[in-house]
Amino acid sequence: MAQNTCLWWETAPAPNSYANKPLPVKTDVVVVGGGFTGTSAALQLAKGGARVTLLEAKTIGFEASSRNGGQALSCLHLTLNQAIKEHGRELARDMFLAATYAADTVERIVTDEQLDCDYLRCGNIEAAIKPAHVDALKREQETLREVAGYEVTVLEKNEIKSELGTDSYHGLLVNPRSGSVQPAKFVRGMGMAAERAGADIHEGTRVLAVDRISDSPVSDGSRFLVKTNRGDIHTKEIMLAANAWIGNIVPQFRQRVLPAESFIIATEPLPMELAQKLIPNNRVVYDTRKTLAYYRLSPDNRMVWGGELTFAGINPQTNINTLRRGMLKVFPELANFNLDYFWGGTMGITLDENTHAGQIDGMWYSMCYVGHGVTLATYLGQQMANGILGKPVNNPFNDLHIPYVSPFRENAWVVNAGKLWFRFLDMLG
Ligand SMILES: Cc1cc2nc3c(=O)[nH]c(=O)nc-3n(C[C@H](O)[C@H](O)[C@H](O)COP(=O)(O)OP(=O)(O)OC[C@H]3O[C@@H](n4cnc5c(N)ncnc54)[C@H](O)[C@@H]3O)c2cc1C
């Protein structure tokens, strides 16, 4: 019987505590949220010499950033072909290249800050569920080469066994520049690095509202009053890194950013020989469906399997069964291995399935990475920090229109209904 807790929490050292410290009365920059976006921003800001105060409602990394699949992807959620259709060739290329810089940024932070987070530059696999998807992978390979000068490999059905021990797929795209991390270790490590660099971190501190003091700064330079459950702080700048919950602080985002849940199971550790047979090069994997499965081996050789058609707000056992069924369809050899862990997490998404970052009402924000936040949140947190520090910023995700969703934002069933629609599209395509 799977424990209802996150594997990554159980296999990371006990986290540092940043609770119950006195809050400052004023600061240069308040960062709201202590996931990848917030800790990366705080690290960059502190290194750049800013007086930075990070406010986290729970504990560092407690939400999506410590619970995800740990796939550090060097690509966007949209294929480059889809992104070109949506944004035009130049902007799409810039977005894709930003995702590749994001993968490099994760590696650089891990190296520079000496983070012990099981980082591997292992590459990722996109696995074709239908024969027609192999053609799409080949078209993507061509576009990546032609538009972005980026090389990936496409394998035909008869070549798959060198990468995956299964007959389930029709072909694979291998992107060699992606990586993997143990996400709880990575986000907590970035928090510790930010503190070492001088950031002042406060857990258990929920931002309730932000008031603009005036359009012109008061004498000490403060432009905002940040109201929290533990007191108020004056600050010159704000970086919003609260992702799925950003709408609680910025009303304009309330009906535009939806909280979407995703769920994961992890088996007991597999014998080394079997693990190497299933994923010989230890890459991270996802498939070509909209309701995709994403999976990988953990550092201790468990199969970690997420995604599928799982739903928020239903009996956990139903989601566990769905995930296990999906896993056994691809790897029937796992039928006799116990499931040790089951957990879920919440990410922010918008209807256009794009990442969004920039400024709103004088506040900086970055959010909605659509399953690519290990790299993109880390990178864009850093880029927004550069903007605050007055340094050059690379942000091709600026100023994209965010579609209005519905007045039912709080209702997870809006997202559940969207997943059913995606499953219908999967059946057609
Ligand atoms: C199950 C699952 C699997 C995933 N798998 C992958 C993967 O393999 N690869 C990948 O790249 N991405 C993956 N993702 C997505 C990835 O985890 C996110 O994109 C990323 O963690 C977003 O980081 P963040 O810092 O923006 O948000 P979060 O990690 O959600 O952090 C936001 C923080 O803000 C805090 N907060 C909220 N409101 C307030 C407030 N009012 N005051 C103070 N603090 C507040 C929250 O407590 C939270 O800690 C997955 C997500 C989930 C849920």
Side-chain angles (χ1 to χ4, degrees), residues 6-8 30-42 53-77 99 102-103 106 124 178-184 186-188 190-191 201-210 226-230 238-250 257 259-265 284-286 292-296 304-308 310 312 319 323 342-349 355-357 365-381 384:
C6 175
L7 163 70
W8 310 126
V30 163
V31 176
V32 184
F36 296 138
T37 309
T39 53
S40 171
T53 305
L54 188 158
L55 307 177
E56 164 53 53
K58 293 174 179 164
T59 54
I60 290 296
F62 181 78
E63 297 290 354
S65 294
S66 67
R67 301 163 184 244
N68 57 74
Q71 303 202 2
L73 300 167
S74 175
C75 57
L76 298 167
H77 161 72
V106 167
N124 85 274
S178 295
S180 66
V181 292
Q182 204 281 30
F186 179 49
V187 67
R188 291 172 187 173
M190 274 205 293
I201 302 179
H202 298 266
E203 294 178 334
T205 308
R206 179 176 296 281
V207 171
L208 305 173
V210 175
V226 180
K227 297 180 171 167
T228 83
N229 59 331
R230 299 182 56 235
I238 295 193
M239 168 65 201
L240 299 169
N243 206 7
W245 299 274
I246 196 166
N248 295 339
I249 304 164
V250 179
V257 177
E261 296 213 26
S262 185
F263 298 91
I264 300 183
I265 51 173
V284 296
V285 188
Y286 57 88
L292 53 78
Y294 52 89
Y295 58 92
R296 58 172 286 187
V304 178
W305 194 282
E308 305 280 0
T310 46
N319 284 332
L323 288 161
F342 165 76
W343 71 96
T346 309
M347 54 190 134
I349 54 162
T355 292
H356 296 271
Y365 69 90
S366 179
M367 61 191 190
C368 301
Y369 312 101
V370 213
H372 288 53
V374 174
T375 48
L376 275 175
T378 305
Y379 181 68
L380 289 171
M384 297 304 102

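Just so you know, ligand 1 is whichever comes first in the structure, and atom 1 is the first atom listed for that ligand.
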For side chain to side chain contact (heavy atoms under 4.5 Å, CB included), just list the numbers for His356 and Tyr365, CA-CA rounded to whole Å, side-chain angles, deciding distance to a tenth of an Å, and then say yes or no. CA-CA 8 Å; His356 296 271; Tyr365 69 90; 4.2 Å; yes
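- Annotation: cation-pi geometry satisfied between Arg67 and Phe62 (NZ/CZ under 6.0 angstrom from ring centroid, within 45° of ring axis).
- The nearest pair of heavy atoms linking Gly34 to Thr39 is O-CG2, 3.8 Å.
- Here the shortest heavy-atom pairing between Ser65 and Phe36 reads OG-N, 2.9 Å.
- Taking the six-membered ring where the residue is Trp, Tyr286 and His372 present perpendicular rings, their angle passing 60° and hence far from 30°.
- Under the ring-ring contact (aromatic ring centres under 6.0 Å, His included) criterion, Tyr379 pairs with no residue at all, not counting sequence neighbours.
- For ligand 1, the protein residues within 4.0 angstrom (heavy atoms only) are Val32, Gly33, Gly34, Gly35, Phe36, Thr37, Leu55, Glu56, Ala57, Glu63, Ala64, Ser65, Arg67, Asn68, Gly69, Gly70, Gln71, Thr205, Arg206, Val207, Ala241, Ala242, Asn243, Trp245, Ile249, Ser262, Ile264, Tyr294, Gly345, Thr346, Met347, Tyr369, Gly371, His372, Gly373, Val374.
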